[in-house]
Amino acid sequence: MRTAKRIDRLPQYLFASLDKKVSNARARGIDVISFGVGDPDRPTPNHIVEAGARALKDPGTHRYPSYYGMPEFRAAVAAYYERRFSVTLDPDTQILPVIGSKEGIAHLATAFIDPGDAALVPDPGYPVYETSAILSGGECVYLPLTEKNQYLPRFEEIPEDHRTKSKLMWLCYPNNPTAATCETGLFQKAVDFSRENDLLLAHDAAYVEITFDGYTAPSVLQAPGALDVAIEFGSLSKTFNMTGWRVGWVAGAEKAIEALGRVKTNIDSGIFDALQRAGIAALEGPQDSLEETLSVYAKRRDALVDALNTAGWVLQKPKGSIYLWVPVPEGDTSLDFTEFLLEKAGVVVAPGSGYGPTGEGYVRFSLTLPDDRLEEGAARIAQALKER
Ligand SMILES: *Cc1c(COP(=O)(O)O)cnc(C)c1O
């Protein structure tokens, strides 16, 4: 059999070889502590699970869901935008449920990228922005995010030919993997830049509720003019510890929502209604579980930053996301240091180079592991560096 050429164009998945090294280490009896994957370790709040369980037992949820999602779920998303961001959305034309935001993010390229087109993607960034463009026969133009620029893109530095061939620009704040946050001014610049260059601006807001120290993250849709040129992907995954449930949405510019909807109706059949009902419970139910989640992550962030700073780093405490973005010791590559930590400390981190060329020289720590494991991991790292 002969596979499609577009598969060959996908970049090597750096994390696959790391996975193999981790299972080898475990097979050798090493107690591996993983700061690798960003997958909340705590359970989904009980009232959401209960709502899902009740809906699961209702035969009314057992047939094909609507392609465009339950009207009640779209209304709950619209109410959330109104309440949280003072943004008014039409639930029929400006909101579309997606099967976890990754699904919507990946399919957006099918609606916007033809062969020869490009997507502007943050570097480092969530790998799906790039691979989806490649799968559509297009390519990527990198927006470098550097410490010097607080990991914010500089639109004025994007060369003219990159502007012309791009159809789509991705942003993500609070950011994975750098943990950077932004203010509404950045979104306003992005909206203006997108209008001037006839781009769709797609903002990935997976971590918009995961913020600390009194900082609250803005929505791109708050920027004046955003509803003409921008969409935003939302997700229950990180906010409510629901990564396994696969419930998200996209909201914003009607033309883009319609285009993505046209792709999706030809590919999937929507989200299981029982899960959408659980999603309504998440959005409209008590929010105290989120407060607890935030205090757990803030405590872990403090513990890890303090431990790494004691070991010689000079890290600031990020105001959002579930990550720390940490420079590797002088003379190491991302991969060198990742392998050193696995071999000498039994600790897994994500090599920054897996998120794009500008990620070289960094590793990403996720805060999604129990406090005692996090503390032991940090202690092992300090010990391994002392013995190096
Ligand atoms: C976790 C994550 C997502 C999405 O998650 P879903 O579970 O698919 O909703 C999207 N973008 C980024 C940057 C993420 O880290």
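When reading the values below, keep in mind they use all heavy atoms of this one structure, side chains included, and skip hydrogens, waters and symmetry mates. Each ligand, and each atom within it, is numbered from 1 in the order the structure gives.
- Per-residue contacts place K102 under 4.0 angstrom from the following atoms of ligand 1 (heavy atoms of the residue considered): 6 (P), 8 (O).
- Here's the thing with Y126: none of its N/O atoms is less than 3.5 angstrom from an N/O atom of ligand 1.
- Judged by the 6.0 Å and 45° rule, K319 forms a cation-pi pair with Y215.
- Each of the following atoms of ligand 1 lies closer than 4.0 Å to a heavy atom of G100: 8 (O), 9 (O).
- Here the heavy atom of the protein found nearest to atom 12 (C) of ligand 1 is D204 OD2, 3.3 Å.
- For ligand 1, the atoms lying closer than 4.0 Å to a non-hydrogen atom of S237 are 6 (P), 7 (O), 9 (O).
- Ion pairing between a basic and an acidic side chain is recognised when a charged N comes within 4.0 Å of a carboxylate O; D58 and R277 show such pairing.
- For the pair R9 and E139, the salt-bridge criterion is not met [side-chain N within less than 4.0 Å of a carboxylate O].
- Here is the list of ligand 1 atoms found below 4.0 Å of a heavy atom in R246: 6 (P), 7 (O), 8 (O).
- Checked against a 6.0 Å centroid threshold, the rings of Y323 and Y207 count as neighbours.
- Less than 4.0 angstrom separates some heavy atom of S101 from each of these atoms of ligand 1: 3 (C), 4 (C), 5 (O), 6 (P), 8 (O), 9 (O), 10 (C).
- Set against the non-hydrogen atoms of N176, the atoms of ligand 1 under 4.0 Å away are 13 (C), 14 (C), 15 (O).
- Residue contacts with ligand 1, taken as heavy atom pairs separated by less than 4.0 Å, involve Y207 solely via side-chain atoms from C-beta onward.
- Using a cutoff of 4.0 Å between basic side-chain nitrogens and carboxylate oxygens, D204 and K102 are not scored as salt-bridged.
- Distance from atom 1 (C) of ligand 1 to its nearest protein heavy atom, with residue and atom name: K238 NZ, 1.3 Å.
- Seen from the ring of Y355, R364 does not count as a face-on cation partner, given the 6.0 Å and 45° thresholds.
- The pair K264-E103 counts as a salt bridge, with a side-chain nitrogen and a carboxylate oxygen less than 4.0 angstrom apart.
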